[in-house]
Amino acid sequence: MNTKFKQSVVYQIYPKSFQDSNGDGIGDIQGIISRLDYLAELGVDYLWLTPPYVSPQRDNGYDIADYYEIDPLYGTMADFDELLAQAHAKGLKIIMDLVVNHTSTEHEWFKQARTGKDNPYYDYYIWRDQPNNWQSKFGGTTWEYNQATNTYYLHLFDKTQADLNWENPKMRQDIYKMMRWWLTKGIDGFRLDVVNLLSKDQRFLDDTLASATADGRKFYTDGPRIHEFLHEMNREVLAQFPDALTTGEMSSTNLASCIRYTNPANEELDMVFNFHHLKVDYKDKAKWTKTPFDFAELKQLFTEWQVGMHEGGGWNALFWNNHDQPRALSRFGNDHEYRFESATMLATVLHGMQGTPYIYQGEEFATGNPDFTSIHQYRDVESLNAFEILRNANIPEAEVLDILAAKSRDNGRTPMTWDSGHANGFTSGKPWISAGRNADEVNAAADCAAAKSVFKYYQKLIQLRKEQAVIVDGDYQPLFAEHAQLFAYSRNLADEHLLVLANFYDTPMEIDLSAIEWLKGSQQVLISNAAKPLERLEGIISLQPYETYMVLG
Ligand SMILES: O=P(O)(O)OC[C@H]1O[C@H](O[C@H]2O[C@H](CO)[C@@H](O)[C@H](O)[C@H]2O)[C@H](O)[C@@H](O)[C@@H]1O
């Protein structure tokens with residue numbers, strides 16, 4: 001088995017917003033090729049591409065209509081082959097995002113399935129005579145009526161994203177065949193979208209709608225046959241490609257399941273994303289609310305997952321940002337006067353942990369939320385639905401826009417700002433979605449030229465993971481767990497120690513480190529964002545706003 005991913009760092013590309021090469025305002029594969037040197041210079045190992053397959057783009061590619069073709073929006077299969085070859089030549093591996101929980105209703109399988117109950121593809125999807133009360137993750141019921149069959153099909157997401165029936169072994173074999181086809185082409189792995197939702201409780205019982213999470217998810221999250229399906233996928237596909245990397249996106253999951261998914265003995269997946277740490281600013285577990293983040297809960301969740309996965313032999317995919325999330329810098333840091341300090345502090349906290357870090361495009365030069373002020377600036381289906389639902393509940397428009405500005409997935413989907421030229425170097429045309437405020441100041445060129453460069457800081461963090469075994473293999477011990485302002489932990493591997501200290505807020509603070517015995521011996525500051533970093537950390541030290549240190553001893 002390939003365990004190199006343990007020292008690796010993955011960079012996520014949202015092709016639509018990365019780099020346009022033909023002036024249509026939409027990023028494309030040739031655009032990605034033109035930026036490979038930038039990515040190689042950053043030092044990342046893998047590039048994860050969100051779905052570039054043929055799709056009606058109702059959910060930006062997470063609604064796949066043909067698993068075997070590239071959407072003309074992004075180019076051709078020849079462009080993709082060129083990307084693969086050029087990336088490999090520069091030492092970069094490519095991971096494809098793959099959605100096998102559902103397909104677009106424009107997929108040939110669904111087009112066939114909806115014609116009649118006797119069609120061989122009818123059983124590729126999930127049908128019921130009557131809907132139950134499950135709620136779609138994008139709002140409204142999960143069931144859509146189909147006249148030709150007089151039945152309803154299940155869609156956990158948009159009504160154009162029909163859930164596949166994993167109970168059907170023939171359907172599963174078609175999925176495995178397609179996965180082998182991509183791996184044979186030479187890609188280096190998959191990021192599997194909401195893969196813990198594949199197995200549905202076949203009773204399809206009503207949920208009792210008493211809380212924001214009582215929407216049916218308990219009947220299909222980490223469902224009854226999920227480990228069986230993932231083990232089968234591993235044996236039918238992944239075992240034949242031992243160097244391939246697999247990351248599972250785990251929606252609303254739990255620790256015990258994730259240990260089971262990623263402990264190599266179970267032969268399922270290499271690593272998993274969970275989202276609990278990104279729900280610490282949800283009020284009563286509801287996303288479309290605005291409330292300050294709970295710092296104590298954030299630290300406690302990281303401790304639970306770091307310690308639990310280490311002890312259980314599992315492996316975490318570590319991340320602050322992705323294409324579904326508002327920018328962590330705006331959420332947990334300060335994207336105004338402490339942009340450099342808070343961006344590097346967040347990076348240090350995450351890159352010191354055990355797991356494989358993921359960097360989302362633009363994070364490496366401190367991109368923040370765009371601060372959209374009108375509904376017309378949004379493009380995301382989930383955000384547009386939420387706007388309608390909240391407005392229908394009589395919440396004033398200004399309040400709804402305020403919530404969207406904090407929580408919309410479009411916060412992470414604005415175009416890359418490469419420089420301060422036309423459309424910030426993203427396109428020669430008009431971008432499909434506008435960049436936010438500050439795009440002329442916050443861009444890759446300006447950051448790389450600055451004395452305090454976030455990009456250069458990330459380069460160093462990525463390098464440290466390759467040099468320091470304690471970052472890869474050490475255990476995790478929370479420090480000063482009760483502290484209201486400090487995020488601190490140590491990593492320990494035999495007699496090697498790593499200390500990560502971070503002032504998580506915008507006011508200075510002091511901390512007494514005397515109780516940490518090993519700091520009294522020889523030590524080395526590996527990285528810090530301090531204007532004048534201390535040479536040793538000992539006794540009482542002060543930390544300026546968002547100041548951070550990583551120390552080896
Ligand atoms: O919030 P969770 O229940 O923990 O779920 C995690 C994310 O799941 C969904 O994301 C992915 O699937 C969607 C449908 O294919 C797609 O729209 C999205 O882009 C994928 O990343 C959900 O949409 C996200 O909001 C959740 O964060």
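Read the numbers this way: they start at 1 and go in the same order the structure lists the ligands and their atoms. Numbers here are sequence positions counted from 1. All values below come from the heavy atoms of this structure, side chains included, with hydrogens, waters and symmetry mates left out.
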Task: Residue, atom name and distance, where the atom is the protein heavy atom closest to atom 1 (O) of ligand 1 - done: Lys279 NZ, 3.1 Å

Task: Phe138: numbered ligand 1 atoms lying under 4.0 Å from its heavy atoms - done: 17 (O), 23 (O)

Task: Identity and distance of the protein heavy atom lying nearest atom 10 (O) of ligand 1 - done: Asp324 OD2, 3.2 Å

TODO: Can you pull out the closest protein heavy atom to atom 5 (O) of ligand 1? Residue, atom name and distance to 0.1 Å, please.
DONE: Ser251 OG, 3.2 Å

Task: Within reach of ligand 1, part of Arg191 (heavy-atom separation under 4.0 Å) - done: side chain

Task: Arg409 N/O to ligand 1 N/O under 3.5 Å - done: yes

Task: Top protein contact for atom 16 (C) of ligand 1, by heavy-atom distance - done: Asp59 OD2, 3.3 Å

Task: Distance-only polar pair, side chains of Asn101 and Asp163, donor-acceptor under 3.5 Å - done: yes

- [ ] Any atoms of ligand 1 less than 4.0 Å from a non-hydrogen atom of His323? List them with their elements.
- [x] 18 (C), 19 (O), 20 (C), 21 (O)

Open item on the list: Between Arg191 and Asp193, does any NZ, NE, NH1 or NH2 come within less than 4.0 Å of an OD or OE carboxylate oxygen?
Closed with: yes

TODO: Look at atom 13 (C) of ligand 1 and say which protein heavy atom is nearest, naming residue and atom and giving the distance to 0.1 Å.
DONE: Phe157 CE2, 3.7 Å

- [ ] Out of Asp380, Val194, Leu156, indicate the one that has the non-hydrogen atom closest to atom 8 (O) of ligand 1.
- [x] Val194

Open item on the list: Go through it in stages, so that I can follow the logic: the residues are Asp79 and Tyr74, the test is side-chain hydrogen bond (donor to acceptor under 3.5 Å, both in side chains), and I'd like the CA-CA distance, side-chain angles, deciding distance and then a yes or no.
Closed with: CA-CA 9 Å; Asp79 291 326; Tyr74 298 129; over 6 Å; no

Open item on the list: Looking only at protein heavy atoms, which one is nearest to atom 15 (O) of ligand 1, and what is the separation?
Closed with: Asp193 OD2, 2.7 Å

Open item on the list: Salt bridge or not between Asp324 and Lys407? Use side-chain N to carboxylate O under 4.0 Å.
Closed with: no

Open item on the list: Just so I know, are the side chains of Tyr261 and Val195 near enough to count as touching, which here means a heavy-atom distance under 4.5 Å?
Closed with: no

Open item on the list: Are Phe275 and Phe319 an aromatic pair, judged by ring center distance below 6.0 Å?
Closed with: yes

- [ ] Check whether the ring centres of Trp48 and Phe273 lie less than 6.0 Å apart, and answer yes or no.
- [x] yes

Task: Contacting atoms of ligand 1, where contact means under 4.0 angstrom from a heavy atom of Ser252 - done: 2 (P), 3 (O), 4 (O)

Task: Parallel, tilted or perpendicular: ring planes of Phe219 versus Trp134, cut at 30 and 60 degrees - done: parallel

- [ ] Below 4.0 angstrom from a heavy atom of Lys137, which ligand 1 atoms are there? Numbered from 1 as shown, please.
- [x] 3 (O)

Open item on the list: Closer than 4.0 Å to some heavy atom of His102 - which atoms of ligand 1 meet that?
Closed with: 14 (C), 15 (O)

Task: Nearest-neighbour protein heavy atom for atom 7 (C) of ligand 1, which is reported as residue plus atom name and distance - done: Glu249 OE2, 3.4 Å

Open item on the list: Taking distance alone, with N or O pairs closer than 3.5 Å, would you say Glu382 contacts ligand 1?
Closed with: no

TODO: Mark yes or no: Arg114 above the aromatic ring of Trp109, with NZ or CZ under 6.0 Å from the six-membered ring centre and no more than 45 degrees from the axis.
DONE: no

TODO: Please find out if less than 6.0 Å separates the ring center of Trp320 from that of Phe302.
DONE: yes

